[in-house]
Protein chains: 2
Amino acid sequence: MSHSTDPHSLSAPPTQDQLRGRLGQAGLRATRQRVVILESLLTLPGHPTAEQVHRRVVTQEPTISLGTVYKALDAFVAAGLTRRVASAEGASRRYDADCSEHHHLFCTNTQEIMDYCDPQLDHLIRDFFAARGLQNFQPHSFSLHITGVKRPD
Amino acid sequence: MSHSTDPHSLSAPPTQDQLRGRLGQAGLRATRQRVVILESLLTLPGHPTAEQVHRRVVTQEPTISLGTVYKALDAFVAAGLTRRVASAEGASRRYDADCSEHHHLFCTNTQEIMDYCDPQLDHLIRDFFAARGLQNFQPHSFSLHITGVKRPD
DNA sequence: CTCTCTGCAAACTTTTTGCAAAAGT
DNA sequence: ACTTTTGCAAAAAGTTTGCAGAGAG
């Protein structure tokens, strides 16, 4: 993607300590379970469901329960570490470790949801609404949902 | 909303015949149930859940079952009469009778989802992507999700 | 040591499915 | 008449909750 950044593929995988740090900063206890859950969220492609996070996480922490994943994800969302992404076709809830403003590419073939960051686009949209104004609505944030098909690279 | 049009409030309520026509064109049999379901979708404010459609529809057709509402909505979506709207905070699926391209205003106070049509905005976005191009993605349609708060009129 | 978090299981909500009877074309 | 659709009820899928015991700070 020429002008976009993908938060999942940019940086080296976060260390245990970085993950613990993020949890601590958010006021959450850094349990083994939460560390692997947060790690999964950061490394799993797209916007996984609780189920997908659980499947990934049981390989590292075999006794972890799906309920714990739900509770941890709720805690992350409440703490602002993570956000819920409206799921594309009404399936399960999806979570995104990236809280910065970004947009989504939704592929109708593979059902994948990819992040798309583009400050220039953000700027364009903000300017548009700054100039135009909505009569009875005060916009706060924008997220563009782009439907289409992934091209073979 | 100064420059937008709301498909739910624009026109006079559709007649039975118009509803039947729409169903027929879509290749669906015009049963009593489907007529009232489609009517509810068109007149209900926002983007109702199957549950909400059912609650509305049982007043006119008391024996209609929730399962029928689900099946009818699925049929509408398959036929292109209706589309699913990604629900805001992971609640139930929501449906929208309007298939034309439009955007959504989501109020964080009332949890309402309002339609927002703006050809100028569409144009702006299309131009932007026409000029820029995405490397491995062929965009097809765009929908802007605007989060904010409703202002008292 | 204290308080939060986990694991488990049960409850709940939402959606899907199967099938016989009813209704539409 | 022929098929699709309905209604019902049961099952599946997804999510939440309560509580006793384990683990973090």
Side-chain angles (χ1 to χ4, degrees), chain A residues 16-17 19-38 40 47-58 60-79 81-82 84-95 111, chain B residues 16-17 19-38 40 47-55 57-58 60-79 81-95 111:
Chain A
Q16 289 274 104
D17 280 349
L19 295 168
R20 287 176 186 288
R22 267 177 93 153
L23 288 168
Q25 261 181 284
L28 299 170
R29 290 195 176 171
T31 64
R32 260 175 306 118
Q33 291 87 337
R34 289 190 178 168
V35 172
V36 292
I37 291 170
L38 182 55
S40 296
H47 301 92
T49 63
E51 196 51 56
Q52 290 171 327
V53 170
H54 182 245
R55 269 203 296 279
R56 161 78 171 261
V57 127
V58 279
Q60 302 167 54
E61 197 66 48
T63 69
I64 206 168
S65 74
L66 180 57
T68 297
V69 173
Y70 273 106
K71 284 176 188 169
L73 291 174
D74 282 355
F76 292 0
V77 171
L81 263 185
T82 296
R84 273 190 195 149
V85 176
S87 60
E89 268 303 288
S92 305
R93 293 184 186 178
R94 289 172 179 279
Y95 297 86
Q111 303 274 106
Chain B
Q16 289 274 104
D17 281 348
L19 294 169
R20 287 176 185 288
R22 268 178 90 154
L23 289 167
Q25 260 180 283
L28 300 170
R29 291 194 177 170
T31 63
R32 262 176 303 118
Q33 292 86 335
R34 301 231 257 225
V35 172
V36 292
I37 290 170
L38 184 55
S40 296
H47 302 93
T49 62
E51 195 51 56
Q52 291 171 328
V53 170
H54 182 246
R55 269 204 296 278
V57 129
V58 279
Q60 301 166 55
E61 198 64 50
T63 69
I64 207 169
S65 74
L66 180 57
T68 297
V69 173
Y70 273 105
K71 285 176 187 167
L73 291 174
D74 282 355
F76 292 179
V77 172
L81 263 185
T82 295
R83 62 172 176 175
R84 272 189 195 151
V85 176
S87 60
E89 267 301 288
S92 304
R93 291 185 187 176
R94 290 172 180 280
Y95 297 86
Q111 303 273 106

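Note on naming: letters A, B, ... go to the chains in the order of the sequence lines (proteins, then strands), and numbering restarts at 1 for each one. Not measured: the values here are computed from a predicted model.
- A:Leu23 has its CG atom 10 Å from the P atom of C:dT6, to the nearest Å.
- By the side chain to side chain donor-acceptor pair (under 3.5 Å) test, A:Glu61 is found to be paired with A:Arg32, residues two or more places apart in sequence or in another chain being considered.
- As rounded to whole Å, 14 Å separates atom C1' of C:dT4 from atom CZ of A:Phe76.
- The residue among A:Ile64 and A:Arg29 whose nearest nucleotide of DNA chain C is located toward the 5' end is A:Arg29.
- If you measure from atom CG of A:Leu38 to atom P of C:dT6, you get 13 Å, rounded to the nearest angstrom.
- Nucleic acid contact class of A:Ala72 (heavy atoms, under 4.0 Å, all strands): none.
- Between B:Gln33 and D:dG7 there is a side-chain N or O to OP1 or OP2 distance below 4.0 Å.
- Across the protein-nucleic acid pair, A:Lys71 atom NZ and C:dA9 atom P stand 13 Å apart, rounded to whole Å.
- Along DNA chain C, the nucleotide nearest B:Arg20 and the nucleotide nearest A:Glu61 are compared for position; the residue whose nucleotide lies closer to the 5' end is A:Glu61.
- When the side-chain nitrogen and oxygen atoms of B:Thr68 are compared with OP1 and OP2 of D:dG7, one or more of them lie within a distance under 4.0 Å.
- Rounding to the nearest 0.5 Å gives a distance of 12.0 Å between CD1 of A:Ile37 and CZ of A:Arg56.
- Positionally, the nearest nucleotide of DNA chain D for B:Ile37 lies more toward the 5' end than for the other of B:Ile37 and B:Gly67.
- Note that the OG1 atom of B:Thr31 and the CG atom of B:Leu38 stand 10.5 Å from one another [nearest 0.5 Å].
- For the pair B:Leu66 CG and D:dA9 P, the computed distance is 13 Å after rounding to whole Å.
- Counting non-hydrogen atoms under 4.0 angstrom, B:Thr31 reaches the backbone sugars and phosphates but no base.
- B:Leu73 places its CG atom 10 Å from the P atom of C:dT16, with the value rounded to the nearest Å.
- As judged by a 4.0 angstrom heavy-atom cut-off over every strand, A:Ala75 is placed among residues making no nucleic acid contact.
- With hydrogens and angles ignored, no donor-acceptor pair closer than 3.5 Å exists between the side chain of A:Arg34 and the base of C:dC5.
- The distance from atom CG of B:Asp74 to atom P of C:dT15 is 10 Å, rounded to the nearest whole Å.
- Residue B:Tyr70 places none of its side-chain N or O atoms closer than 4.0 Å to OP1 or OP2 of C:dT16.
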Stepwise side-chain contact (heavy atoms from CB on, under 4.5 Å) check, A:Val36 with A:Gln16:
CA-CA 9 Å; A:Val36 292; A:Gln16 289 274 104; 5.6 Å; no
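- Taking CG of A:Leu28 as the start and CZ of A:Arg34 as the end, the distance is 5.0 Å to the nearest 0.5 Å.
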